[in-house]
Amino acid sequence: MLHADPLHQRPALVHPSILAHALDHLIPTARSRAEVWQMLTDRYTVDLDAVAALLPAEDPEPRWLLARD
């Protein structure tokens, strides 16, 4: 998203069903969740909160405490 040209018009995805349809096509081609975000924001103008609501939540990696001696 850092290299996106602000003068280049991208289609806006404002309706949740259209946004969900775009995500259905992008998710299988992406290798990671970050790549889904990158492809989506490079190709479209979207409401990031709407995208976050549609993408499944990722559980954080558990951090185990070291055992005390």
Side-chain angles (χ1 to χ4, degrees):
M1 192 159 99
L2 294 175
H3 301 291
D5 183 6
L7 300 177
H8 176 72
Q9 291 186 345
R10 296 182 301 271
L13 299 179
V14 294
H15 197 276
S17 66
I18 296 172
L19 182 57
H21 186 67
L23 284 173
D24 286 342
H25 287 288
L26 291 177
I27 288 174
T29 61
R31 292 185 299 254
S32 68
R33 185 181 177 109
E35 194 172 330
V36 171
W37 281 94
Q38 182 70 37
M39 290 189 310
L40 189 64
T41 55
D42 282 348
R43 297 177 186 181
Y44 305 103
T45 300
V46 295
D47 178 9
L48 298 179
D49 291 330
V51 175
L54 289 174
L55 283 176
E58 281 186 334
D59 292 330
E61 188 74 26
R63 296 187 71 198
W64 301 102
L65 297 175
L66 298 175
R68 295 183 187 173
D69 291 333

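Keep in mind it's a predicted model, so treat the numbers as computed, not measured.
- Contact check for Leu40 versus Leu19: side-chain heavy atoms found under the 4.5 Å cut-off.
- Between Val36 and Ala30, the shortest heavy-atom distance links the atoms CG2-CB, 3.4 Å.
- Here the CG-NE2 distance, from Asp47 to His15, works out to 13.5 Å after rounding to the nearest 0.5 Å.
- Of the options Leu55, Asp42, Leu26, a side-chain contact (heavy atoms from CB on, under 4.5 Å) to Trp37 is made by Leu55 and by none of the others.
- The CG atom of Leu13 sits 11.5 Å away from atom CZ of Arg43, with the distance rounded to the nearest 0.5 Å.
- Interatomic distance, CZ of Arg33 versus CD of Gln38, reported as 14.5 Å (0.5 Å rounding).
- Interatomic distance, OH of Tyr44 versus CD1 of Ile18, reported as 10.5 Å (0.5 Å rounding).
- Here the OG1 atom belonging to Thr41 is positioned 7.5 Å from the CZ atom belonging to Arg10, to the nearest 0.5 angstrom.
- No chain of hydrophobic side-chain contacts below 4.5 Å, direct or via other Ile, Leu, Val, Met, Phe, Trp or Tyr residues, connects Leu54 to Val14.
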